[in-house]
Amino acid sequence: MSFFDTWEVLKPMHNDYMSCTEHFLGDGMLLSPAFPIACFYADHISFKGYCKRNSPSYVMSKAKRLLEISYLDSVERDWEKYRGMLGPEGGDFRFSVYVLTVVVTINLVACLFLSIYLFLAIHDRHRQFFLNIVRFAAVLSSITLILFTSRMLLLIQDEFNNLGVVTAHLIAYTLGNRLDFKILDFIAISLLQFCQLINVTRLVSTLEEKRFSFIAGFIMVMVSNILYAVSLFSSGSDSLTVLNPFVYLLRIAISTSYAAIVISFIIAKYKLCFINFSLGFLSIYSFLLVLFQVLFFFFDLANVWINSIGEIFNLTAYVASTAIVWEWINRIFVVQKKKEAQSILGRTIYAEENVDHKIAKYALKIQDALTRTISTEYSDKNSFLNDDRSSELMLRPFDEHSLNAHSTKDGKDDEIVFNIDKNQERVLTGSSSMNQTSYELSGISTCIEDSSFHNSQNSRSVTAYFKEKLHMSYNKLIMLTDYMLIKILGQNSINLSTTNGEEIENNKRKVKQRIGLDKVNDVHLYKTTDIIFNSDDEDYDTED
Amino acid sequence: MNLLTIKRIVIISLTTYSFLFHIIPNLTVPIVHSIKLAEDHDKVYGVYGWCEKHHDNICTKRRIGYPTKNLNASNPKNFLPSFTNIRVTKILVVHPIALVFEFLLWVMVILSSTNRYKNNTRFTLICALWSLPTFLLGLLCLLVDVLLFLDALSWLGWNLYPVTLANAISSTLLWSLKRNIATLRYEALSNRENVASQSNNADPIEVYSIIDIESASDDGSLLLMSSNRSKNVSILQPTHSYTVG
């Protein structure tokens with residue numbers, strides 16, 4: 001939480017106030033109840049205003065003129081200058097400590113409320129892990145804000161006791177730029193951004209789109225957070241002046257992208273989003289919440305309302321736009337799943353899932369990987385090339401007689417096949433010096449592929465090696481994302497936690513009735529009937 | 001004109017619009033004196049420098065980030081309309097980067113409408129993926145301009161807002177197009193398979209509409225709704241019922 005970053009110009013403040021320096025007024029009358037004599041004539045009067053941190057300390061009674069005596073010109077000019085500042089070191093009411101205190105307190109209350117709401121009202125057993133991350137981030141945000149508010153109140157108290165006036169200056173520049181708050185802020189926002197990415201992944205339909213949106217979003221979030229961490233822990237460099245606003249704007253851009261995705265979902269599925277009053281209300285609420293950060297950015301730039309409101313509400317806006325949208329998506333999916341359950345297939349089937357035989361290819365890939373693993377493990381275990389018995393086997397003709405000898409030795413029918421296969425594999429796996437004819441003897445295509453893989457390993461080029469490594473990395477990445485999406489996110493089953501008990505019972509009864517489990521003790525006999533087509537009947541009629 | 005063609009036309013139009021309005025900010029002062037990104041009392045700002053209005057349009061050298069040493073009349077602290085530090089102007093570098101991204105997207109979109117890549121799902125997917133950073137960079141351009149120049153921004157700067165919207169719409173349409181192409185490919189594939197199976201098999205499998213078939217018995221014989229309906233007997237009604245226990 002930093003109110004004024006280094007990229008903003010520091011407003012003129014040092015020694016700019018004339019009233020803070022001593023200047024001579026000449027001779028004249030002095031009036032004050034604080035003096036031993038209330039009114040007296042003095043020579044060579046000099047004046048110096050009460051200033052702290054090179055700026056005048058004004059109190060509220062300044063504005064109320066009890067006597068019709070004008071202030072010194074230098075004091076009047078400085079007051080105008082003070083009011084004309086755009087920052088907590090001066091400025092009008094919106095920059096004062098009163099507004100800051102109220103806004104920070106409201107922010108704390110809102111964040112605490114959201115954290116409690118997350119624990120009490122939002123349940124998602126299918127994505128419990130990610131929900132726990134959101135909860136953790138919300139708690140972290142609340143702790144940060146509690147610490148910040150309490151520190152702020154203590155500072156205000158100290159300043160009031162020591163100086164007699166309270167300004168927002170100390171809070172903004174001393175407390176707002178503390179590293180511990182910034183680190184807590186960084187961790188909380190990183191986690192919340194990741195959870196926003198999970199929300200986006202849930203919003204897109206097909207698995208392929210989920211996969212790509214997850215990868216693209218993850219890269220974006222990582223880049224943003226790495227740059228932020230760099231700007232957080234490095235100081236004093238010239239490039240930092242550029243990095244800070246860039247990271248700030250990147251965060252705003254990512255939030256805007258998130259808002260754009262949520263809003264486009266609302267527009268695309270507006271019938272579903274406004275199917276009833278509560279869901280419609282939640283949709284509008286989510287719509288506003290995701291736009292908060294963008295609106296606050298423009299508020300901050302325009303200084304229209306409260307100074308740095310975007311920075312103050314940053315954490316709460318992140319928590320709200322994650323938690324509330326999470327609940328909104330849950331409810332949307334409940335309605336969507338109910339509608340889909342009424343259809344024939346029970347869920348939406350996309351053509352992309354079946355095109356190019358992706359499922360079959362994936363199964364073959366798994367099969368291939370398993371075959372390779374078994375083969376490699378077996379060859380390693382038996383250290384074929386150093387085994388004399390295996391060498392003997394390799395030279396032995398591969399006929400039925402030798403296989404039968406093995407089977408007789410083991411004596412179990414179900415192990416015969418296994419032994420044959422193992423022997424074949426043993427011969428072929430370690431046969432790097434064998435000629436092509438020995439491969440032809442086996443006649444097992446999978447083993448040939450396997451052995452040719454081992455055989456060509458020495459001769460393949462560096463390019464092919466890297467290509468294969470790249471392919472393996474790609475496969476691993478896909479497997480990881482698929483694990484995330486299918487095992488954890490893909491289970492978009494109906495979350496019944498938001499419905500009441502009676503409705504659950506009704507749904508259970510309907511499902512039981514539909515699949516015939518309501519009368520389990522009843523046995524029905526159906527008569528088989530010959531197929532009679534209407535068209536056939538008509539043909540017969542016409543023939544008759 | 002089918003839906004796919006309309007989508008392609010819309011995507012090309014939007015991308016061309018975005019591309020054009022990413023070119024123009026890159027031509028602002030000091031490259032072309034009549035085009036300005038923002039205008040203050042006595043200064044005109046561009047992506048690669050700035051010019052003074054009242055001194056015969058004296059301009060700075062073309063570079064990323066405004067130079068502070070030239071034109072001694074300017075105060076670096078109060079130089080920009082937003083009172084932002086002048087060194088921050090280096091982030092105007094997002095403009096040329098966004099232009100490169102936009103150009104590549106435009107080329108890819110044009111290519112995707114040619115016969116070679118028209119039905120290529122992978123190429124459309126690449127286009128759709130590329131549109132994401134393009135959108136983000138366009139948005140960053142707008143945010144940077146607003147941050148630096150505030151209300152001094154000219155119409156060219158504010159025009160980046162509809163450009164960003166156009167980017168968002170074209171990105172959405174590209175994802176939608178990718179799904180449409182996949183569906184078309186799947187339909188073409190299934191049609192081809194059906195034709196192949198019918199030509200290879202002497203006795204092709206007869207296909208019935210799912211509406212006509214209500215259930216199928218274990219031995220594969222079909223129970224037709226129409227045959228039972230004529231006898232006013234429900235197909236789900238069993239002939240005999242027993243209760244166990």
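Per chain, numbering begins at 1; letters A, B, ... match sequence-line order.
- Inspection of non-hydrogen atoms places Leu129(B), Leu132(B), Phe135(B), Leu136(B), Leu139(B), Leu140(B), Leu143(B), Val144(B), Val146(B) of residues 126-146 of chain B under 4.5 Å from chain A.
- Separation of atoms CH2 (Trp175(B)) and OG (Ser205(A)) is listed at 11.5 Å; rounding is to 0.5 Å.
- If you measure heavy-atom distances from Ala216(A) to chain B, the contacts under 4.5 Å come from the side chain alone.
- Heavy atoms closer than 4.5 Å to chain B are found in both the backbone and the side chain of Leu250(A).
- For the atom pair CZ (Phe298(A)) and CG (Leu150(B)), the distance works out to 10.5 Å, reported to the nearest 0.5 Å.
- In this structure, CD in Glu209(A) is found 5.0 Å from NZ in Lys178(B), a value given to the nearest 0.5 Å.
- Heavy atoms of Ser264(A) lying under 4.5 Å from chain B are absent altogether.
- When all heavy atoms of Val242(A) and Arg87(B) are compared, the closest pair comes out as CG2-O, 3.5 Å.
- Within a 6.0 Å radius of OH in Tyr17(B), other residues, nucleotides and ligands contribute more than 12 heavy atoms.
- Other residues, nucleotides and ligands contribute at most 12 non-hydrogen atoms within 6.0 Å of the CZ atom of Phe218(A).
- Under the 4.5 Å side-chain criterion, counting only non-hydrogen atoms from C-beta, Val88(B) is not in contact with Phe246(A).
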